[in-house]
Amino acid sequence: MIELQSVTKKYPGSDIPAVNNLSFEIPEGEICILVGPSGCGKTTTMKMINRLIVPTSGKIKVNGTDISTVNPIELRRNIGYVIQEIGLFPHMTIRENIAIVPTELKWPKKKINQRVEELLDLVGLDPAIYADRYPRDLSGGQRQRVGVARAMAADPPVMLMDEPFGALDPINRSRIQNEFLRIQEKVRKTIVFVTHDIDEAIKMGDRIAVMRQGSLVQYASPGEILSDPADEFVENLVGKNRTIKRLNLLKVEEAMEDILILDSTISLADAASAMDKAGADIAAVKDSQGRFQGVVPKKRIRRALARSWQTTLSELADEPDVVVDLDTTLHDVLSEMMQAGEAAAFVVEANQCRGMLTLGSIVETVSNNE
Amino acid sequence: MSEVATTLTTKQMNRRISFKSFGEFALRWLLVPLILIGAGTGFAVYIITHTTDFIVKDFLTYDRLIAAGLEHIKLVLVSSFLAIAFSLPMGIIISRPRFKRLEKWVVGITNVGQTVPSIAILGLFMGFFGLGFKTAIFALWLYALLPILRNTLAGIRSVNPGIIQAAHGMGMHPMRILFKIELPLALKVIMGGIRTAVVINVGTAALATFIGAGGFGDLIVTGLKLSRMEILLTGAVSTALLAILADYLLSHVEAKLISYGD
């Protein structure tokens with residue numbers, strides 16, 4: 001848990017405090033997003049938590065300990081720190097970069113190597129390929145994954161992330177955000193995350209602290225920020241298209257419809273009558289081992305029957321264009337559907353079709369959540 | 001031929017590869033130096049064996065050439081070593097935020113050393129140290145300070161502040177940040193300063209002859225005095241080749257040290 005109690009930071013030579021009488025709490029295991037325009041004091045606030053910046057007045061407690069009583073070097077070794085990709089040391093290999101804090105803590109070499117490989121696996125980079133490369137050999141997205149792995153090296157309970165995905169293109173950013181949320185699901189760190197991108201804040205945050213000119217304007221869950229902005233400033237920050245932003249908050253799970261699943265071995269006539277009975281226009285096909293093979297529209301089966309084609313259900317089934325998993329956001333599903341020009345998306349996890357999404361089901365879910 | 005070899009080797013040096021065989025080692029480190037030394041020796045031998053002038057024959061002996069060469073190298077090595085030993089720590093110290101106000105003074109003083117013509121420094125300090133080796137070393141040392149000091153500072157300053165802040169943010173000790181992050185990243189620029197200093201010193205050491213400290217300058221000055229082109233050229237060519245050799249070797253040390261290249 002992180003507690004800020006009337007924290008103020010004044011820089012010498014400036015009358016207006018960079019951070020003004022800030023008080024809030026971040027519960028353990030949650031992601032708190034600090035968001036606001038540049039110069040609003042969000043980065044200063046974050047840097048005060050690991051004492052890169054010392055507050056002029058006020059108190060900050062991390063897991064109950066007043067940080068001003070702790071040696072800053074000791075403190076920082078217990079707080080993971082991720083910044084934009086420039087933060088990797090260019091003259092060290094990926095392994096050496098990730099090993100920085102464990103090396104400072106004088107872990108035995110074997111344990112360090114083990115940990116490096118474990119972390120690279122966690123962030124989805126093959127240690128055999130990447131461990132001994134230099135940062136310049138990696139793409140921006142890969143470097144950012146290494147940055148996250150490095151911050152988690154000594155398994156700190158708290159992590160600070162300063163616009164960690166800011167330098168990435170939208171597609172890579174969305175992918176790494178999803179991966180990061182999945183990792184957080186497992187590790188449950190207390191995270192302070194700075195961004196100026198409100199969409200990122202809504203998607204990543206358990207709580208969002210909206211800041212302006214050094215003060216806290218609103219501190220609430222993303223849903224509350226969207227439905228009940230504290231003032232005009234927050235309203236403008238969130239923007240007019242709040243309903244569309246809500247898509248970032250909703251997961252596939254919430255908008256998913258059931259889908260009829262057919263065995264690939266049954267006859268076309270049986271398949272057609274099963275679909276009639278269920279009132280389904282489209283069905284998923286699974287093979288004898290229960291693995292997802294594809295989807296087939298009723299129209300296609302009907303046509304095959306009418307022309308008495310010698311064919312099977314698996315031959316008629318197509319791999320769908322848009323395949324998503326349960327924790328994809330509706331925002332990402334919708335943009336994939338539009339990119340592919342499809343009106344439906346299919347949810348496949350562990351080789352099993354779990355359901356489908358249509359434009360209708362998405363619209364309904366969003367309006368029910370308003 | 002040697003040019004092809006040089007570009008090939010520098011390209012390879014940018015990667016961290018250990019020497020696979022003596023042949024490879026020889027190709028990378030010894031080929032160009034041997035060509036340079038061979039050219040210098042060949043030039044001297046040609047002049048000594050082909051001259052008919054008895055003054056030249058009398059002055060230009062193998063013993064004298066070797067002695068001058070050794071003196072010259074000694075002057076350069078000792079003065080450069082002392083300059084590095086002083087400038088590198090000094091540069092590091094004044095790059096620390098708390099000693100920032102020293103920068104003006106230290107750089108100012110070394111700037112003066114660089115501004116005063118070398119021949120004048122030799123003359124000035126002759127009064128204190130007398131003739132000979134010590135005075136020459138002092139003048140050369142003073143001359144080499146600035147490039148090394150300036151580049152040490154510039155190198156450390158050129159390290160991306162974001163990288164240093166990341167290191168602080170992860171709880172690295174300031175001393176470790178200096179040795180593990182700042183100096184390795186500044187090394188390329190620092191080595192550039194050392195190269196400049198050493199190459200300048202090879203040239204300036206030719207003036208040491210005026211205070212009786214020897215070196216290839218002896219040949220150049222004697223050649224001028226006696227109007228013997230052969231003697232003058234032997235000294236000048238040797239000095240020039242030595243400067244190229246020093247630069248070549250240092251560029252290789254640099255490439256070897258900076259393993260992550262680009």
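Letters go in sequence order (proteins before strands), and every chain restarts at 1.
- For the atom pair CZ (A:Phe89) and CD1 (B:Ile177), the distance works out to 7.5 Å, reported to the nearest 0.5 Å.
- Rounding to the nearest 0.5 Å places CE of A:Met92 at 4.0 Å from CD1 of B:Ile181.
- Of the atoms belonging to A:Arg150, it is side-chain heavy atoms, and not backbone ones, that fall under 4.5 Å from chain B.
- Residues A:Glu104 and B:Met172 approach most closely at OE1-CA, 3.7 Å, considering heavy atoms.
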Stepwise side chain to side chain contact (heavy atoms under 4.5 Å, CB included) test for B:Lys180 and A:Ile100: CA-CA 10 Å; B:Lys180 298 269 284 187; A:Ile100 294 279; 5.8 Å; no

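- At a heavy-atom cut-off of under 4.5 Å, chain B is reached by no residue from residues 106-132 of chain A.
- Heavy-atom contacts from other residues, nucleotides or ligands closer than 6.0 Å to CZ of A:Arg175 number 12 or fewer.
- Across all their heavy atoms, A:Val101 and B:Met170 have their closest contact at CG2-O, 3.6 Å.
- For the set A:Leu52, A:Asn50, A:Leu105, the entry with the most heavy-atom pairs within less than 4.5 Å of chain B is A:Leu52.
- Considering all non-hydrogen atoms of both residues, B:Leu185 and A:Pro90 come closest at CD2-CG, 3.6 Å.
- Contact detail for A:Ile83 and B:Ala166: the closest heavy-atom pair is CD1-CB, 3.8 Å.
- Scanning residues 67-82 of chain A against chain B with a 4.5 Å non-hydrogen threshold yields A:Ile73, A:Arg76, A:Arg77, A:Ile79, A:Tyr81, sorted by number.
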